[in-house]
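Numbering starts at 1 and runs along the sequence shown. As the structure lists them, so they are numbered: ligands from 1, and atoms in each ligand from 1.
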Amino acid sequence: MGKLPKFNDPMLLVGTETSDDAAVYQVSPDLALIQTVDFFTPVVDDPYTFGQIAAANALSDVYAMGGEPRLALNIAAFPNCLSPEILGDILAGGADKVKEAGAVLAGGHTIQDEEPKYGLSVTGFVHPNHLWKNHGAEKGDLLILTKPLGIGVLNTAVKAGLASVHETEEAVRVMSYLNKYALEAVRMLEIHACTDVTGFGLAGHVLEMAKASHKTLTIHAGRLPVIEGALEYASMGLVPEGAYRNREYAQVKTVPELAGTPLEDIVYDPQTSGGLIFALPPGDAERALKNLSALDVPCAVIGEVQEEEEYNVLLDEK
Ligand code: CO
Ligand code: CO
């Protein structure tokens, strides 16, 4: 990335500097385009479900900027040796999520490759004044998370053949759930910063928010919502490899009580299509929780924002 030329365009509201979820380009005083692309290899066996999850994940980066997805294009890779029906099912799952998002799917591109891959390029709309960035968190803000954690651990247990049918279904439900509903619940409130929780885990994405905001963010491990079964599997050592990379990357200051616990593993667990994290003032947080609960969006206050210290993320057991 460091070798790429710099693009200076005053209309580019969000570029690459702050590791935000998507690029944002202003086209008029009251309209900005959000542009994002995301795709990955299958995380579940069922092709239709994989399509749903990959699409929900790609759409999420538009929601994380406070925008509405408008236009989506498929991006796919598929091997010749598999039945084209499987690709059809993947695309159908993605199309259904785009429809649920209220956006239009207008084509795409598939190449031949050994391992299937699928995702979307999504264009969204946002009013430039209502754009959410991953920075701007203020001292005293609370942090709200809108999906339970532990999806990576649970998927590892599924691959090992250990997860129950119920746990597997629950993980699929969480991964394919659109962050649209979380956005709708809070869009009228004062949101200082927002991002979605994906491959870098809760700690990694909180770190990005903290660094870009020049603040220290405290996470209360005792308040983290965790998907059923994940703590048990983490205690059995079923922690995905990415979690170890995330741990090194995030450099979290952790209270000794949590060191080496399954709950600590969950903080670094890479998520597939995870929830949104909002930083917002306490009064708005209270309204957000009420609105989110009214729409049945799972949510919890998981921490708060303070002045920047020598570390950017603090993990305590509260
Ligand atoms: Co993102
Ligand atoms: Co992304």
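Angle OD1(D61) to the Co ion (ligand 1) to OD1(D196), rounded to 10°: 110°.
Salt bridge present: E68 and R187 bring a charged side-chain N and a carboxylate O closer than 4.0 Å. By the 4.0 Å N-to-carboxylate-O rule, E241 lies close enough to R245 to be salt-bridged with it. For K215 and D141, the salt-bridge test fails: no basic side-chain N is under 4.0 Å from an acidic carboxylate O.
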Ring pair (Phe, Tyr, Trp, His ring centres under 6.0 Å) evaluation trace for W132 with Y63: CA-CA 9 Å; W132 298 340; Y63 297 125; 9.5 Å; no
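The Co ion (ligand 1) lies at 2.8 Å or more from every N, O or S atom belonging to D38.
Within D21, OD1 is the N, O or S atom that lies nearest to the Co ion (ligand 1).
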